[in-house]
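Beneath this line is the structure, given in structure tokens, with notes to follow.
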Amino acid sequence: EQVWGRAADIAADPSGHLHAIWSGTDPSVTQFVETETPLLMYAYFDGARWSEPVDIVSQRPTLYYSRIVADSKGGVHLFWSGDCLYYQHSLDPEPTSAALWSSPAQCLTDRPLVTRFGAAADAAGALYLALPTAEGTIVSLRSPDLGASWGPPVTIAGDFAAPARFASNVDLAVDRTGRIHVVWLEVSPTGYPAYGLYYSASADQGKTWSAKALLDADRPAEARLIV
């Protein structure tokens, strides 16, 4: 099996068990073809062993990046970017079959998303996304009810002077107090070099965001948030 690392992600649930996703080709494929549509694979770790990997997406998407989130209620939420930002979820704490995931996938954006995005849940059961846009901004989306509905986008930062500057490699985390944190790179249209690594936060469930703060101006390449 050929594995695409850019779509790999892992999340721990309240029980300490792990949920992993990654993209790859059919195991019977012996030679990678760039135009081949990948599978989106899932496996579950119960503390002792990993489940057999399963393909959990019924349709065959164009796949760029994916994120998986385990919420405080035992649900698991899957987001992947391609023709749009797709969303699926499972209420089963061990969703090791495609039949245990919502289908068809819900489309949360009206355009492709080709760079990394952020996703997280808070202790109360709200879901948050941080997304770069084609207009050169970053927006947040919030679901107050574990993905049943989504509010309108809220601008996190929007003074990138597009098209000369864009947001890329976005990540998001929620701490124990409910404060939301976002980091991203600002890059040229070609993606390199990076002009800087920036940070913003929200203390009111994503309704407003702090002014962006420059963390690193020395050509940073990647950033991830851990809380």
Side-chain angles (χ1 to χ4, degrees), residues 1-15 17-29 33 35-46 49-122 124-131 139-153 170 172:
E1 178 184 359
Q2 303 286 337
V3 175
W4 292 11
R6 67 185 181 186
D9 198 23
I10 194 167
D13 63 27
S15 300
H17 299 162
L18 302 177
H19 305 263
I21 53 170
W22 67 96
S23 62
T25 59
D26 188 301
S28 64
V29 174
V33 180
T35 57
E36 183 176 2
T37 302
L39 309 177
L40 189 55
M41 308 299 293
Y42 168 86
Y44 171 78
F45 182 69
D46 63 5
R49 63 178 181 83
W50 284 96
S51 66
E52 287 294 322
V54 293
D55 178 20
I56 58 174
V57 176
S58 57
Q59 63 261 59
R60 287 288 166 261
T62 299
L63 181 61
Y64 295 108
Y65 291 88
S66 58
R67 302 301 301 266
I68 192 165
V69 174
D71 67 46
S72 60
K73 313 298 183 183
V76 187
H77 307 265
L78 172 65
F79 306 88
W80 80 87
S81 59
D83 301 328
C84 69
L85 179 64
Y86 292 96
Y87 167 65
Q88 287 181 271
H89 70 276
S90 176
L91 300 179
D92 192 295
E94 300 180 27
T96 53
S97 166
L100 297 175
W101 292 84
S102 60
S103 183
Q106 180 183 359
C107 206
L108 299 181
T109 63
D110 59 358
R111 62 184 65 186
L113 186 66
V114 297
T115 185
R116 200 183 74 199
F117 58 94
D122 67 16
L127 299 175
Y128 296 91
L129 294 167
L131 311 174
V139 300
S140 64
L141 294 178
R142 179 179 183 268
S143 170
D145 46 19
L146 296 176
S149 63
W150 293 86
V170 180
L172 177 149

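Nothing here was measured: the structure is a model prediction, and the numbers come from that model. We use all heavy atoms of the structure for the numbers below, so side chains are in, but hydrogens, waters and symmetry mates are not.
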Test of understanding: with side chain to side chain contact (heavy atoms under 4.5 Å, CB included), list the residues that count as partners of [X], not counting sequence neighbours.
X	result
L100	S90, D92, P95, S97
P14	none
L91	H89
A120	L172, V174

Taking the side chain as everything from C-beta on, heavy atoms only, tell me whether [X] gets closer than 4.5 Å to [Y].
X	Y	result
V76	W101	yes
F79	L85	yes
Y65	R67	no
W150	L129	yes
L78	Y42	no

Exactly one candidate in T109, L108, L131, L141 meets side chain to side chain contact (heavy atoms under 4.5 Å, CB included) with P153; the answer is L141
Of all pairs that satisfy salt bridge (Lys or Arg N to Asp or Glu O under 4.0 Å), the ones with a partner from residues 68-77, not counting sequence neighbours | none
Applying side-chain hydrogen bond (donor to acceptor under 3.5 Å, both in side chains), name anything that partners [X], two or more places apart in sequence or on another chain.
X	answer
S143	D145
T115	S168
S81	none

Output all residues satisfying salt bridge (charged side-chain N to carboxylate O under 4.0 Å, His left out) with R49, sequence neighbours left out; order by chain, then residue number.
-> none
Where is the tightest heavy-atom contact between [X] and [Y], given as atom of each residue plus distance?
X	Y	answer
D9	S66	CB-O, 3.8 Å
A126	P144	CB-CA, 4.2 Å
Y86	A105	CD2-CB, 3.9 Å

To the nearest 0.5 Å, tell me how far R142 CZ sits from D122 CG.
-> 6.5 Å
Between atom CG of D83 and atom OH of Y64, what is the distance when rounded to the nearest 0.5 Å?
-> 7.0 Å
Check: Y44 ring centroid to H19 ring centroid under 6.0 Å | yes
For Y128, ring pair (Phe, Tyr, Trp, His ring centres under 6.0 Å) partners two or more places apart | none
